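Presented below is the structure to which this report refers.
Predicted, not measured: the structure shown is a model, and the values here were computed from it. Chain letters run A, B, ... following the sequence lines, proteins first and then strands; every chain starts at 1.
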2 protein chains.
Amino acid sequence: MSRSKEVLSQSILFSGLPEQDIAALTAIAVEKPVAAGELIFSEGDPGDGFYVTLEGMIKVYKLSTEGKEQILHMFGPGEPFGEVPVFSGKAFPASAEGVKKSRVLFFPRKAFRDLITTNPSVAMNMLAVLSRRLRNFTIQVENLSLKEVPARLAGYFLLQAEEQKNPDTITLNISKGQLASFLGTIPETLSRMLRKMSEQGLVEVQGRTIRLLDRPGLEDLAEFGKMEA
Amino acid sequence: MSRSKEVLSQSILFSGLPEQDIAALTAIAVEKPVAAGELIFSEGDPGDGFYVTLEGMIKVYKLSTEGKEQILHMFGPGEPFGEVPVFSGKAFPASAEGVKKSRVLFFPRKAFRDLITTNPSVAMNMLAVLSRRLRNFTIQVENLSLKEVPARLAGYFLLQAEEQKNPDTITLNISKGQLASFLGTIPETLSRMLRKMSEQGLVEVQGRTIRLLDRPGLEDLAEFGKMEA
DNA sequence: AACAGTTTTTGACATAAATCAAGGAAAGAT
DNA sequence: ATCTTTCCTTGATTTATGTCAAAAACTGTT
């Protein structure tokens, strides 16, 4: 089995599909290399299909008129993105580009809609994907509206610790600038908060490696968002 | 046809369904009256089904630990809500309650999943509903992160004008306090911004009636977010 | 190893919006 | 019509975070 098929067969969207269906899928899909910083689609583009990340990392983001960036999602291998226009019939609501050198698979709109109508389990998987996405958005809105930057940061660290299956050390897989943009702030503020958290013994920062020194403290910060001094 | 069936047959989710399917649906669904301020479900509840608003208005919201509220969505007649747990398998990510006296229809999880697997067009409609929801969330995140309160407010007015099909006068269908919560701010700030916009001749406010006096000015404010003085 | 580029940090300052506190207006109940 | 409660407005003040400017620390490259 090719590397692409392997990624697909383990993706949330196509898990449980028999191998010949996966093969049929790769037949209709087009693979595309994406350079670091390369634009995949822009907000307002028509959107005649969606993508699955095969390798690397893709960010989906919005830009303000003054040029500030807000990252909405980061997608790694196996994760689909850009599906909204396929089902809503409207243009992409945001833009996407590679964070690093990546490979993506493009699925044309019509072929995929046909697959869904004949294959209820793919429809169900897609519903699950979109539901999870909605769930993440509610958390993002909650963070932006109801929590301050230190709380968001602490929450991010704890989430990463879980995803990376290491309760006391995490490695950032994006730059601090990109992390700031994901958390809805700017690099200067992020830098200051990291220093503050270090001074209080919550974490130890060394480049992209963050040691979580005080999990209860971080959990408290993530929930209540207050740091003394 | 009963009032409920009428609402359902015109809803985005069930549009295009033959009448006997609608009848079958209402057979599995349970109607429930909801008082103003009555809780329908809470964040963290298991979620063994989803709802469709029949009458009135439902808000879906999050609360901060300090008690501040962020409204995520407002749903009127025909609009479904609370679907995320049906497909993600996880609990409700937010809470829902009636804004005013309402009626809702509850669809049990299993029955609806069965309907979807046998009826691709319902699956397609649900995918469209979730996609549209995602689209709205990207706008909400953009607003919270990249725009200031005056810009969000101007954008809200323009959107309402469109929905109410009246280019120069809108009537708020929620209280100003609830509007503040939807826009991610507090009543005091909203009040001040409304005054500022009035002083600048952008709008004229009389209770819940807002007259849009300067659409180009509002459009500019919504996009660039700057108000002189 | 030195270079040019980017990313990150630090400092001084500006500002949008929240908080606290209180008065006024509107709406619903008796 | 009056009372009571909720909603809305206004003012004074605080605060978190953004802006601007510059230095320092990395990164990868010749």
Send over the distance from [X] [atom1] to [N] [atom2], rounded to a whole Å.
X        : N      : atom1 : atom2 : value
B:Leu153 : C:dA17 : CG    : P     : 11 Å
A:Lys68  : D:dC20 : NZ    : P     : 13 Å
A:Leu183 : D:dG18 : CG    : P     : 11 Å
A:Ile186 : C:dG11 : CD1   : P     : 16 Å
A:Glu66  : D:dT17 : CD    : P     : 19 Å
A:Leu190 : D:dT19 : CG    : P     : 15 Å
A:Lys100 : D:dG28 : NZ    : C1'   : 17 Å
B:Glu188 : C:dA18 : CD    : P     : 9 Å

ask   = For B:Glu162, does the CD atom have more than 12 heavy-atom neighbours from other residues, nucleotides or ligands under 6.0 Å away?
value =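 Counting neighbours around CD of B:Glu162, 12 or fewer heavy atoms of other residues, nucleotides or ligands fall under 6.0 Å, so no.
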task = Return yes when atom NZ of B:Lys90 has more than 12 non-hydrogen atoms of other residues, nucleotides or ligands closer than 6.0 Å, and no otherwise.
result = no
Under 4.0 Å between a Lys/Arg side-chain N and an Asp/Glu carboxylate O for [X] and [Y]?
X        : Y        : value
B:Glu219 : B:Arg215 : yes
B:Glu79  : B:Arg132 : no
B:Glu223 : B:Lys147 : no

Phosphate OP1/OP2 of [N] contacted by [X] side-chain N/O (<4.0 Å):
X        : N      : value
A:Arg195 : C:dT10 : yes
B:Thr189 : C:dA16 : no
A:Lys176 : C:dT9  : yes
A:Ser175 : C:dT6  : no
B:Arg192 : D:dA12 : no

inquiry  = Quick check for you: among D:dG18, D:dT17, C:dA16, whose closest atom lies nearest to any side-chain atom of B:Glu148?
reply    =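 For B:Glu148, the side-chain atoms sit closest to C:dA16.
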task = Remember a base hit wins even if backbone is also touched, and classify A:Gly225 as base, sugar-phosphate or nothing at under 4.0 Å, heavy atoms.
result = nothing
message = Students often get this wrong, so: under 4.0 angstrom with heavy atoms, is B:Gly184 touching a base, only sugar-phosphate, or nothing?
response =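 Touches sugar-phosphate only.
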